[in-house]
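Values below: every heavy atom of this structure, side chains too, minus hydrogens, waters and symmetry copies. Note on naming: letters A, B, ... go to the chains in the order of the sequence lines (proteins, then strands), and numbering restarts at 1 for each one.
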Amino acid sequence: MKADFSKPYDPKAVEPEIYKTWLDSGYFNPDTLPGKREKNYIVYMPLPNVTGALHMGHLLNNSLQDILIRYHRMRGYRTLYLPGTDHAGIATQYKVEKELQKEGTSRFKLGREKFIERVWQWKEKYGGAILNQLKQIGISADWSRLRFTMDETYAKDVKAAFVHYFEKGLIYRGARTVNWCPRCGTSLSELELEHKEEQGHLWYVKYPIANRESGIENREYIMVATTRPETMFGDTAVAVNPQDKRYAALVGKSVKLPLTDREIPIVADLKIDPSFGTGALKVTPAHDILDFEIGQRNKLPTIQVIDERGKMNDKAGEYAGMKTEEARAAVVQKLKDLGFLEKEEDYVHNVAICYRCGHVIEPIPSMQWFLKMEKLAKNSLKAVKSGQVDIRPENFETIYFNWLENIRDWTLSRQLWWGHQLPVYFCKEDKDKFVVAEEKPKACPFCKQCGMEQSEDVLDTWFSSALWPFAGLSESDKKKYYPGNALITARDILNLWVARMVFSGLEFMGDVPFKDVLIHGTILTKDGKRMSKSLGTGIDPLKYIDQFGADAARFAIVWQANGQDIRWDEAAVAAGRKFGNKIWNASRFVLEQMGDAAPESEPEPQTDADEEILRKLAAAKKSTERAIEEFEFSKALQGLYDFFWHDLCDVYLETSKKQMADKGAATRGVLFFVLESSLKMLHPFMPFITEAVYQKFPGRRGLLMVAEWDR
RNA sequence: GGGCGUUUAGCUCAGUGGUAGAGCGUUUCAUUGACAUUGAAAAGGUCAGAGGUUCAAUCCCUCUAACGCCCACCA
C-alpha cells in the first residue's frame, strides 16, 4: 500500500489495493482472525437478488452491517459477516423472460431445461456483478462462505425443511382460488399484481327466491350487483351482511339461479358491505378471491366455469368455449331477454393485471401446497413478545404483530420454472398419489412400475430465504455460527422475510436466528419519491464510489441514516469526500511531526490543551461506543466528525504548533495517541482511508481492521 | 376504508418541558508550511395551523391541513 502523502487522497488509486490486502489477510474469515476471541458477533447479510445491480438501499444496508462487523472485530469478537445471493424466483425469471422477448423468443419456445440454463447464465453474470459492487463498498464479508440460495447444499436444506413440515402434518395440498394469468400460465402472488382502472358496467340482476312462502317480505327476488355476470354459472350462494335488516329474513333461504336449474343458498357474511350495490353479493368461489374466502367460511362448493386459458368451460352451458368478454355480453343479453336484468350502470373499477404482461388476471381454482401457519406464527410472535428478538424502532413491532395475528396459511407453490422444485413425486399412473421425500424414490410405491415424476411447481422464494441463517452455513458452521446477533433490513420485508426466518430458526435450530432486528429507512429521491429503477428514479451508488470513493459514499449514506426515510441528498457525498481530505491532511501533519519512530508510551499531558483534547477524546469514544451499540450509526458518525474536525483539527492541532517548540515530546505523544484512537473509531465508517493512513504509521504494525479498540 | 409516520434555517435533517442545532448553501474577512476539499465570523427559524394541559411547550394532549408509506380493497 503506497498511498502518497504528498498528493491529495485518491480513493481510486488506494481502495482496490487496500481491499486486496484485507482479503489476503484472511481476517474476513472468523476462523483465521488473530488473537484469542471467545465471543461471536454474526451478521447474516440480507440476500441481494440476482435480478440486476445494486441500488442505494444496498449501500445503506451493507454499510450499516459493516460498521457493526468492523467495530466488533476490533473489539475482539469472532466476527462473521455471511454473504449470499438469492435466486429470487419470479423476479429473476421475469428479467430473463424480458431478455428473451427482445430476442424474439420465449421460455416456452426454449423449453424448461434450456430456459433454466439461461437463467443460470444470467445469475452468473449479475450475481457476480453484485458481489464486485459489494466489495467496492468495502464490506468485510467472508467471501469464502458465500452462498447462493440454489447451491446444492442449500437446496438440500430446503428439501429437508419441506419434508420435515410435511411429516409433521403442517403441509397440505388443496384447491384454492388463486390469481391466475391466462397468458403467462401461472399463478401470481398479490405482490405480483398491478391494478388498472377500467371502464366497466355494474349489472343489477334479479335472483328469484326459491320455494317462496307467502309472508316473507312478499319478495319475489333478491337483486345482486355484479361486474362479471358470466361467472354466474359458478355461483354457489348469495351473501348479505348479517347486520343488514333488509335481508335478515332471507338468510337461510334459497334462490333459483337464473339461466340454470340450480338452487343456491342465501348466506350471511361480515365481509359484505351493505352500502355497496344492493348489499347482496353473488358468491363465485371459483373466480374471486374474496368469494373463495366467503365460500370457505360458509362451506360452499366451488364450481369452476373458466379455464386456464381464460375461456368458459362446459359448466357454462351454451357459452362454453367463449372468451369471458364474449360470454359476458351474451349472458347480459340473455338476462335482459328473460327479464332478469334490472338495470345497467357505467362503472369504473380497478382490475388486477399481471405485472409482467399486463393481461387481466383471472382468478381460478388450482391445486397448491400450503403450510399451516397457526403454530409457526405463534412462535414468531412469542419470540418478539418475550424479548428474545428485539425489533427496533419499536413501532414496527405492531406491523409484525398485526401480520402474524391475522395470518393465513402460506401458499408455498408457484407455477414457475426458476426455483426449488417441490420434493414431491407423483405416480404417473395415478396423479393423485404422491410421495414427499428428499430423494426421488427408486420405485413407485403405488403402481410398483412407474418411475415417478417430480412436481413441476417450485417453492415460493421466501421459503428458501427463510432458512438463510442456517441453510447458508455448512454442517460444522451450523454448530459454530448460529445464532447471529443483528439483522438489518428495510421494513417492506419484515413480514415476508424476518417473521419467517424467526419461526424457521426456532423450528430447525431450536433458537431464534438473531437477537436484534434493526429496520432502517427507505431511500427516497430529494422530492420524496421512492427510489426505484422502474420509475427511473433510482441512482447507482457506484456513481459516487467512482467519483468520490467508497468512504465518501458510506459517509454520506450513514450521515443521513437516522432512522426515518432518507431523502437522498447528493451534497452529503461531497461532504464525505471533504472529511476524508481532512483526515488525510491532519494525519499527514501529525505523522510529519513524528519522524521515524512513533511514541510508544501513553501520552503525558502537560498543558491545558493536552488535557482537554484527551478528555474530549475519551468522551467521543464513550459516546461512539454507546451509539453503535444502540444502532445509532448516524449519531455516532456525526459525533466523530465533530470531534475530529473541530476539537482535534481546528483547536488542538493549531495549539500543538505553538507548544511544539518547548513541549515537543509530550505534544507529539498526545497528537499521535489522539490520531491513532480517532482512526480506530472512524475505521468502521470509513475503512479505506483510515487503513491507508494507518499503514503509514512509523514502525511495523498490522492492519487497522484488527487493531485493538482499547489499548 | 384501516394502520403508521412526517411537517424545525434556502436545501437535507438532528434535538430538548425553561435564551433553538448540524451538514450543505449564502455573506464578510483571513491565507504562501496539514488541508482553499481551508480558517475566523455573520446573516437566516412566531420549530405546519388552531385549541388545551402547565409557572413555562417546538417538545405532552386534542383537532385541522398537507405529504409519504404499509395493509385491505369493494361485488
Whichever of K578(A) and Q560(A) has the more 5' nearest nucleotide on RNA chain B, that residue is Q560(A)
For F579(A), which contact category applies under a 4.0 Å heavy-atom criterion: base, sugar-phosphate, or nothing? nothing
Anything below 3.5 Å on both distances counts as a pair; with that, list the stems of at least three consecutive Watson-Crick or G-U pairs involving RNA chain B. B:1-7 with B:65-71, B:10-13 with B:21-24, B:26-30 with B:38-42, B:48-52 with B:60-64
Per the under-4.0 Å heavy-atom filter, residues of residues 644-668 of chain A near RNA chain B come out as W645(A), H646(A), C649(A), D650(A), L653(A), E654(A), K657(A)
Regarding Q638(A), tell me which of base, sugar-phosphate or nothing describes its non-hydrogen contacts under 4.0 Å with the strands shown. nothing
Cation-pi geometry met for K206(A) and Y221(A) (6.0 Å, 45°): yes
Which of these nucleotides, C35(B), U38(B), G23(B), is closest to any side-chain atom of R588(A)? C35(B)
Just wondering, are more than 12 heavy atoms of other shown residues or ligands nearer than 6.0 Å to CD in E405(A)? yes
When rounded to the nearest Å, what value does the distance between C1' atoms of U54(B) and G44(B) take? 31 Å
Salt bridge (Lys or Arg N to Asp or Glu O under 4.0 Å) with R392(A): which of E397(A), E632(A), E630(A)? E630(A)
Quote, to the nearest angstrom, the C1' distance that separates G45(B) from U8(B). 7 Å
Any donor-acceptor pair under 3.5 Å linking the side-chain atoms of Q638(A) with those of S634(A)? yes
Ignoring hydrogens and geometry beyond distance, is a side-chain donor-acceptor pair present between W180(A) and E362(A) at under 3.5 Å? no
Go through the side-chain N and O atoms of T231(A) and K282(A) and say whether any donor and acceptor fall under 3.5 Å apart. yes
In B/S/- notation, 5' to 3', how is nucleotides 3-10 of chain B contacted by protein heavy atoms closer than 4.0 Å? -SSS----
Just jot down the side chain to side chain donor-acceptor pair (under 3.5 Å) partners of N581(A), sequence neighbours excluded, or say none. N585(A)
Does a nitrogen or oxygen in the side chain of Y347(A) sit under 4.0 Å from OP1 or OP2 of A75(B)? yes
Which nucleotide sits closest to the side chain of N562(A): A14(B), A34(B), G25(B)? A14(B)
Considering the options M681(A), E612(A), K622(A), which one meets the side chain to side chain contact (heavy atoms under 4.5 Å, CB included) requirement together with L617(A)? M681(A)
Protein-nucleic acid N or O pairs under 3.5 Å, nucleotides 67-69 of chain B:
residue : atom : partner : partner atom : Å
C69(B)  : O2'  : R491(A) : NH1          : 3.4

Residue pairs passing the salt bridge (charged side-chain N to carboxylate O under 4.0 Å, His left out) test where at least one lies in residues 555-581 of chain A, sequence neighbours excluded: R491(A)-D565(A), K526(A)-D569(A), K543(A)-E570(A)
Of W559(A) and A586(A), the one whose nearest nucleotide on RNA chain B sits closer to the 5' end is W559(A)
Whether K582(A) contacts U38(B) is assessed here as follows: a side-chain N or O lying under 4.0 Å from the phosphate OP1 or OP2. Is that the case? no
Touch check for I272(A), heavy atoms < 4.0 angstrom, all strands: base, sugar-phosphate only, or nothing? base
NA contact type, A575(A), heavy-atom cut-off 4.0 Å: base, sugar-phosphate, or nothing? sugar-phosphate
